[in-house]
Amino acid sequence: MIVRLGYVAMSTVVENASPSRTMTATSFAKIADREAAVRKLERLAAENLHNTLRLLRHNRAHDIQLYRFSSRLIPLIGHELLADWDPIPTLADEFRTLGDYAKEHGMRVSFHPDHFTVLSTPREEVLRSSVEDLRRHTRMLEAMGLDDRAKCNIHVGGTYGDKNKAGERFIRHFQQLDDAVRRRITLENDDKTFTALETLAISERVGAPMVLDVHHHDVNPGGETIFSLWPRIAATWTGQDIPPKIHMSSPKSEKDPRGHADYVEADKLLAFLRTAAEAGTERLDVMLEAKMKDSALFKLMEDLGAIEGIALLDQSSFELRA
DNA sequence: ACCTGTCAAGTCTGG
DNA sequence: CCAGACTTGACAGGT
């Protein structure tokens, strides 16, 4: 089995390269010259996109082909103060440059809209802003010139006291989305609400691939084992032209088991990989969610290199031999 | 240069 | 019905 590792949004190695610089709504509102304030937002956004390009170059230098963009590339986008502002066309060149670079180097990139994007909501206005948020993420990927393999990963959402009804609402709302948005969505199991099995059932109903978060499953297993679920989860990726993706992280502490630790334990990844290999999975992409970001990736590669049965292929991918 | 409090979102819990 | 917790990186304002 061939495994590629990736990380999320920012680097702990590259300095002064935040892809998430922002401005508060309060300070935006305080600027008397609205035109100037909007230009400032656009400068911040352009800076975020440029830093993202710097991160992609860093990734290239370290053979990292799996990366999740920050969902805060454009500050205050979607805020009610900026309802008539559409910065995506303004930033077309920056987006295109990013997408071209990612394509040129075979990178698999994605977004993960914040937890405030909830399709299971019963509230009309929350649904509307969630749909708008998904549209914006889709438009950014389109502006990069990336096809449907560049995904937007989301959770099913809240349960509102009735998980079945919430799940049905999610499915209904999902099916009302534009095709272009729907085709990019992947669903991730949650650490509090929808378990892996519940998320999987919804994934199968709506035809969206499922991203298994192993840590979330450990915290919220719902009586299931990964061993029994993985073949079905892997099957949701059939026909996608990209390997299944999982999220991997280690618990922060016993006191805070839901939190993310600085690094990722090799043993835990290895245990999962053996399960996946047994189910016949040949390629897998593993997104690391660790506080130390790319440093955690480098450390994990180091740890994996010392394990028998693992052959490092480059700085960020390896083969697990049967 | 550094520290502390605040921010932005939606849901859930406790009062 | 409302305040606070949750989460996280970064702002904003103070020293």
Side-chain angles (χ1 to χ4, degrees), chain A residues 7-31 37 40-41 43-52 55 68-83 85 111-137 152-163 165-167 169-170 173 188-195 198-199 213 215-216 219-220 247 249-253 255-262 287-296:
Chain A
Y7 70 99
V8 177
M10 58 181 289
S11 169
T12 56
V13 177
V14 185
E15 290 180 5
N16 301 313
S18 169
S20 314
R21 292 204 56 202
T22 187
M23 191 195 295
T24 63
T26 313
S27 61
F28 174 84
K30 272 189 204 156
I31 300 172
K40 189 170 174 184
L41 287 178
R43 273 201 309 276
L44 278 172
E47 188 185 334
N48 288 338
L49 292 173
H50 179 69
N51 280 339
T52 302
L55 292 169
R68 183 203 297 165
F69 294 121
S70 163
S71 270
R72 299 168 192 214
L73 292 172
I74 303 178
L76 294 183
I77 193 168
H79 195 283
E80 56 177 10
L81 287 173
L82 288 140
W85 179 51
F111 275 120
H112 193 351
D114 277 324
H115 275 65
F116 317 117
T117 291
V118 264
L119 293 182
S120 69
T121 185
R123 295 167 57 193
E124 198 63 43
E125 68 278 18
V126 174
L127 177 64
R128 201 176 54 241
S129 57
S130 296
V131 171
E132 283 308 310
D133 194 41
L134 287 170
R135 282 215 183 97
R136 281 192 299 269
H137 281 92
C152 292
N153 183 51
I154 58 171
H155 294 257
V156 177
T159 59
Y160 315 87
D162 188 332
K163 208 182 260 187
K165 276 189 184 157
R169 247 190 333 263
F170 176 95
H173 294 158
E188 176 184 348
N189 57 304
D190 197 270
D191 58 354
K192 280 183 167 167
T193 57
F194 288 83
T195 65
E198 290 159 351
T199 305
D213 187 308
H215 181 222
H216 290 171
V219 181
N220 184 23
H247 290 177
S249 51
S250 291
K252 184 169 187 166
S253 64
K255 207 183 73 183
D256 180 14
R258 290 177 46 244
H260 289 160
D262 289 356
M287 185 64 77
L288 304 179
E289 294 186 328
K291 203 168 177 189
M292 291 304 288
K293 309 289 179 185
D294 49 344
S295 295

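Side-chain atoms are counted along with the backbone in the values below, which use heavy atoms only and exclude waters and symmetry mates. Order of the sequence lines sets the chain letters (A, B, ...), proteins ahead of strands, with each chain counted from 1.
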Round to a whole Å and report the spacing from [atom1] of [X] to [atom2] of [N].
| X | N | atom1 | atom2 | answer |
| --- | --- | --- | --- | --- |
| A/E289 | C/dT8 | CD | P | 10 Å |
| A/D262 | C/dT8 | CG | C1' | 14 Å |
| A/R72 | B/dC7 | CZ | P | 15 Å |
| A/H115 | B/dG10 | NE2 | P | 14 Å |
| A/N48 | C/dC11 | CG | C1' | 13 Å |
| A/L76 | C/dA10 | CG | P | 15 Å |
| A/F194 | B/dT11 | CZ | P | 12 Å |
| A/E80 | B/dA8 | CD | P | 10 Å |

Heavy-atom pair of closest approach, residues A/A166 and A/S120: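 The pair with the smallest heavy-atom distance is O-CB, 3.6 Å.
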Minimum heavy-atom distance between A/N48 and A/P75, given as atom pair plus value: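 It is ND2-CD, 4.1 Å.
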A/R136 NZ/CZ over A/F111 ring centroid, <6.0 Å and within 45° of normal: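 The answer is no; the distance or angle limit is not met.
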Closest listed nucleotide, where the reference is the side chain of A/T193 and the choices are B/dC12, B/dG10, C/dG9: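 When the side chain of A/T193 is considered, B/dC12 is the closest of B/dC12, B/dG10, C/dG9.
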Side chain of A/K293 - closest among C/dT8, B/dA8, C/dG9: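 When the side chain of A/K293 is considered, C/dG9 is the closest of C/dT8, B/dA8, C/dG9.
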Which part of the nucleic acid, if any, lies within reach of [X] when heavy atoms closer than 4.0 Å are counted: base, sugar-phosphate only, or nothing?
| X | answer |
| --- | --- |
| A/T26 | sugar-phosphate |
| A/K291 | nothing |
| A/A9 | nothing |

Residue pair A/H137, A/H112: steps toward the ring pair (Phe, Tyr, Trp, His ring centres under 6.0 Å) verdict: CA-CA 9 Å; A/H137 281 92; A/H112 193 351; 9.5 Å; no
It should be established whether [X] places a side-chain nitrogen or oxygen under 4.0 Å from OP1 or OP2 of nucleotide [N].
| X | N | result |
| --- | --- | --- |
| A/S18 | C/dA10 | yes |
| A/T22 | C/dA12 | no |
| A/K252 | C/dT8 | no |
| A/Y160 | B/dC12 | no |
| A/S20 | C/dG9 | no |
| A/T159 | B/dC12 | yes |
| A/R258 | C/dC6 | no |
| A/S27 | C/dA12 | yes |
| A/R123 | B/dG10 | no |

Candidate pair A/V13 and A/D294, rule side chain to side chain contact (heavy atoms under 4.5 Å, CB included), full reasoning: CA-CA 7 Å; A/V13 177; A/D294 49 344; 3.5 Å; yes
Taking atom [atom1] in both [N] and [M], what distance in whole Å separates the two?
| N | M | atom1 | value |
| --- | --- | --- | --- |
| B/dG5 | C/dG4 | P | 16 Å |
| C/dT7 | B/dT13 | P | 14 Å |
| B/dA8 | C/dC1 | C1' | 23 Å |

5' precedence on DNA chain C between A/M10 and A/M23 (nearest-nucleotide basis):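 Checking each residue's closest nucleotide, the 5'-ward one belongs to A/M10.
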Output field: ring centroids A/H115/A/H155 closer than 6.0 Å: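 Centroid separation for A/H115 and A/H155: below 6.0 Å.
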